[in-house]
Amino acid sequence: MRDSGYVLVIAEKPRAADKIAAALNLSGKRVVNGVRVWEGFFEGRRFLVAPAVGHLFSLDTEERGFPVFTYRWVPRWLVERRSRHARKYFEVLKSLARGASEYVNACDYDIEGSVIGYLIIKHFGDLSRSRRAKFSSLTKEELVSAFRNLQPLDLRMVEAGLCRHEVDWIWGINVSRALMSFYKKVFGGFKILSAGRVQTPTLIEVFKKHVERECFVPEIKFSISLKLRVGSEELSIRSDFGKDLTEEEANRLKLAIERVGKARVVDVKSRTEVLRPPPPFNLPDLQYEAYRVAKISPALTLSIAESLYLDQLISYPRTNSQKLPKTLNHRAILRSLSNLEGYGEYVSELLKKPSLAPAEGPREDPAHPAIHPTGYLPRKPLKDRERVVYDLIVRRYLASLSDEALLRISTYVLRVLDLELVITSRELLRGGWLKIYEYGEVGTLKKFSLRLGEEVPILDVRVVKTFSKPSDAYTKSSLLKWMERSGIGTEATRAEIIETLFKRGYLKQTTSGIDITELGSVVSTISTNLFSELSSVQLTREVEEKLDKIITGELSRDEVVREVASVLKPRLINIKKLLESDESVNELRRLAGLNSGDASCVICQRLAEFSYEGLRLCRFHGIAYERLREAYEAWSKKTKISFVEFLNKVLTLKSSGKYVKEVAELLLSRRGCFDFHNRL
DNA sequence: GCAAGGTC
């Protein structure tokens with residue numbers, strides 16, 4: 001009976017199903033219910049290949065409120081509004097599974113792919129008649145070999161994957177619900193709030209940046225600005241000669257340099273720097289560059305890349321790889337690209353090269369190669385931003401196949417008095433890949449030359465007073481980079497999670513970048529106070545370690561899930577008690593960093609956590625106050641300035657933080673009450 | 001409705 005049936009091969013997505021069918025020579029194409037499926041014989045057996053569209057099942061619960069630890073897998077299209085499109089794939093797999101005699105999970109070989117295929121077979125088929133196709137790329141060779149050597153179902157990978165889903169669900173749903181209850185109790189009304197293993201550490205990172213920037217007091221620095229005549233040109237240069245100059249020292253130095261009036265070249269060094277071509281894009285690199293070059297947000301870049309991919313113009317964009325397959329026919333792609341306006345000349349140069357080996361980066365991805373143009377050309381002109389992203393991908397691909405660029409760097413050491421001054425000339429000797437990828441970061445190019453022993457006239461000397469600036473606010477792009485560096489989220493989800501933080505009203509866009517809102521601060525604070533694990537990237541590391549142990553058989557899914565529940569449950573019960581009691585509003589407010597009636601900041605009414613000279617200050621203004629004191633101490637070592645003058649100066653500086661300015665204003669307004677000149 | 005992860 002079994003031999004009369006067919007082997008149902010489950011692919012993770014339609015495009016993968018097409019490739020698997022092509023590799024196995026299954027040419028019978030059918031469209032069932034709008035879904036492409038493939039049919040034919042492979043090594044004497046009847047095969048049918050049908051695609052999922054990522055996860056077809058989702059965790060869900062019927063219980064309201066929290067704590068909630070009961071959940072089950074349900075059809076995703078039933079519970080997620082934006083997943084209606086998954087229904088037709090769900091129905092087709094369900095009906096094809098009925099007639100199958102055997103099943104092959106041929107989804108991507110990672111824990112999510114293992115779960116996607118497993119749940120489909122479990123619900124619609126028969127796990128005891130199932131096997132796993134193990135391949136790391138969708139090339140014909142790998143696929144044929146995978147199907148000749150089908151493996152038993154990878155049940156430990158499946159357990160690890162199921163565990164990841166359950167842990168994220170338990171943390172996310174419970175803490176989100178707790179936050180919503182908190183909001184209702186303390187502020188009144190319903191608001192959708194959320195927390196999770198990836199979004200909460202990201203939110204807290206923005207919160208920390210907010211504190212760092214808004215409590216920032218500029219440092220003062222004195223340096224000497226020199227105008228030199230180099231050949232026929234004037235060159236301006238600023239230096240403190242490696243000394244932390246006081247104002248007085250700087251003034252003396254200025255006079256001494258003016259008296260000498262010239263500098264002498266005492267050392268000349270020249271070297272050629274090789275700028276290697278960049279690797280082709282993975283998704284994070286593309287998102288970073290699209291923002292840097294064209295200010296397109298990471299989420300929009302992904303959605304544009306997605307549509308270019310669906311139009312067959314580029315390869316699959318949700319990849320982490322910076323490598324291209326050895327089998328890729330670069331000449332064919334180049335010949336095709338040469339028909340596009342703007343690349344023709346450069347591409348013909350490339351085609352003259354005897355061999356074409358793309359530069360590679362270290363990042364890998366088991367499922368997909370780096371992003372590259374397919375060689376298919378746009379059938380109609382691309383729209384503005386589509387054109388920008390496509391152009392970036394094409395140029396980066398061409399750059400990866402190009403020659404190195406060469407930079408001539410000459411360093412001159414000048415002596416004036418007993419001090420040394422270094423000036424650098426940078427000249428591009430060979431453009432190489434920079435000719436097609438002009439966005440390469442090479443620094444300012446400035447060419448000049450000097451001989452050893454030459455005297456350089458000093459035309460002008462000034463003392464310059466500068467003030468330091470805080471680190472930049474995050475942008476969507478740099479925040480995404482931070483997530484990537486911290487190892488949280490995946491290529492496909494990071495940008496979306498940043499958008500979620502905006503949608504919740506936790507983050508806002510300002511002229512200087514991303515900032516946290518009042519609501520975001522409240523959620524950060526509660527999360528830090530009550531669910532500290534969720535507040536750091538550490539949770540992801542621990543979960544990953546445990547998943548690895550499930551894969552090796554050292555731990556079971558049940559053990560891991562139970563442990564998570566045992567950590568969460570008492571705390572959820574505790575906060576629930578607070579939420580149900582009428583006397584606890586003040587304690588709840590304290591946990592959120594809000595004032596609790598008795599002790600509030602004299603500036604902003606938040607919970608007072610510091611007290612200085614009888615001034616009650618919240619954590620923000622308290623930190624700002626401390627920073628002001630420290631900064632004044634440093635300033636007064638360098639320049640004669642009274643505390644009042646210092647405060648007034650801080651108020652005029654753009655880089656002073658908001659909380660710092662508020663504290664400075666408060667102190668100035670109360671200067672009659674405090675004798676702080678001497679106290680500091 | 002709430003996560004994070006797939007994919008359209």
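Residue numbers start from 1 in every chain, and the chains themselves are labelled A, B, ... in the order their sequence lines are given, proteins ahead of strands. Just so you know, these numbers come straight off a predicted model, no measurement behind them.
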In [range], which residues come under 4.0 Å of DNA chain B by heavy atom?
range                       : result
residues 517-532 of chain A : none
residues 312-321 of chain A : A:Y316, A:R318
residues 170-191 of chain A : A:G172, A:I173, A:S176, A:R177, A:M180
residues 537-552 of chain A : none
residues 49-78 of chain A   : A:V53, A:G54, A:H55, A:S58, A:L59, A:R76

Excluding sequence neighbours, so at least two apart, what forms ring pair (Phe, Tyr, Trp, His ring centres under 6.0 Å) with A:Y397?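 Partners of A:Y397 by the ring pair (Phe, Tyr, Trp, His ring centres under 6.0 Å) criterion, ordered by chain and then number, come out as A:H330.
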I'd like to check the ring pair (Phe, Tyr, Trp, His ring centres under 6.0 Å) partners of A:H165; sequence neighbours left out, ordered by chain and number.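 So A:H165 forms a ring pair (Phe, Tyr, Trp, His ring centres under 6.0 Å) with A:H55, A:W73.
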Mind jotting down which residue pairs meet the salt bridge (Lys or Arg N to Asp or Glu O under 4.0 Å) criterion with at least one end in [range]? Sequence neighbours excluded, please.
range                       : value
residues 515-527 of chain A : A:E518-A:R606
residues 542-555 of chain A : A:K546-A:E563
residues 523-536 of chain A : A:E533-A:R571

Under a plain distance cut-off of 3.5 Å, with no hydrogens placed, do [Y] and [X] share a side-chain donor-acceptor pair?
X      : Y      : value
A:S521 : A:S524 : no
A:S556 : A:D558 : no
A:N282 : A:T319 : no
A:R132 : A:S114 : yes

Phosphate OP1/OP2 of [N]: any [X] side-chain N/O under 4.0 Å:
X      : N     : result
A:R84  : B:dT7 : no
A:S194 : B:dA3 : yes
A:S83  : B:dT7 : no

Spacing of A:L302 atom CG relative to B:dG5 atom C1', expressed in whole Å: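 Roughly 13 Å, once rounded to whole Å.
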Counterpart residues, salt bridge (charged side-chain N to carboxylate O under 4.0 Å, His left out), relative to A:R15 (two or more places apart):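 So A:R15 forms no salt bridge (charged side-chain N to carboxylate O under 4.0 Å, His left out) with any residue.
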Would you list the atom pairs, donor with acceptor, under 3.5 Å between side chains in residues 500-507 of chain A and any protein atom, with sequence neighbours excluded?
{"residue": "A:T500", "atom": "OG1", "partner": "A:E496", "partner atom": "O", "Å": "3.1"}
{"residue": "A:R504", "atom": "NE", "partner": "A:S194", "partner atom": "OG", "Å": "2.6"}
{"residue": "A:Y506", "atom": "OH", "partner": "A:S194", "partner atom": "N", "Å": "2.9"}
{"residue": "A:Y506", "atom": "OH", "partner": "A:S194", "partner atom": "O", "Å": "2.8"}

What's the closest nucleotide to the side chain of A:A492 if the choices are B:dG6, B:dG5, B:dA3?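 Looking only at heavy atoms from C-beta outward on A:A492, the closest nucleotide is B:dG6.
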Nearest to side-chain heavy atoms of A:I192, which nucleotide of B:dT7, B:dG5, B:dC2: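 The answer is B:dC2, which lies nearest to the side chain.
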Do A:R197 and A:W171 meet the cation-pi criteria used here (NZ or CZ under 6.0 Å from the six-membered ring centre, within 45° of the axis)?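 Checked: cation-pi criterion not met.
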Looking at A:Y291, is A:K476 sitting on its ring face, NZ or CZ under 6.0 Å from the six-membered ring centre and within 45 degrees of the normal?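 No, a cation-pi geometry is absent between A:K476 and A:Y291.
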Sort out for me which residue in A:Y103, A:F90, A:Y89 forms a ring pair (Phe, Tyr, Trp, His ring centres under 6.0 Å) with A:F124.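 Checked A:Y103, A:F90, A:Y89 against A:F124; only one passes ring pair (Phe, Tyr, Trp, His ring centres under 6.0 Å): A:F90.
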Spatial distance of atom CZ (A:F190) from atom OG (A:S181) [nearest 0.5 Å]: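 OG of A:S181 is found 10.0 Å from CZ of A:F190.
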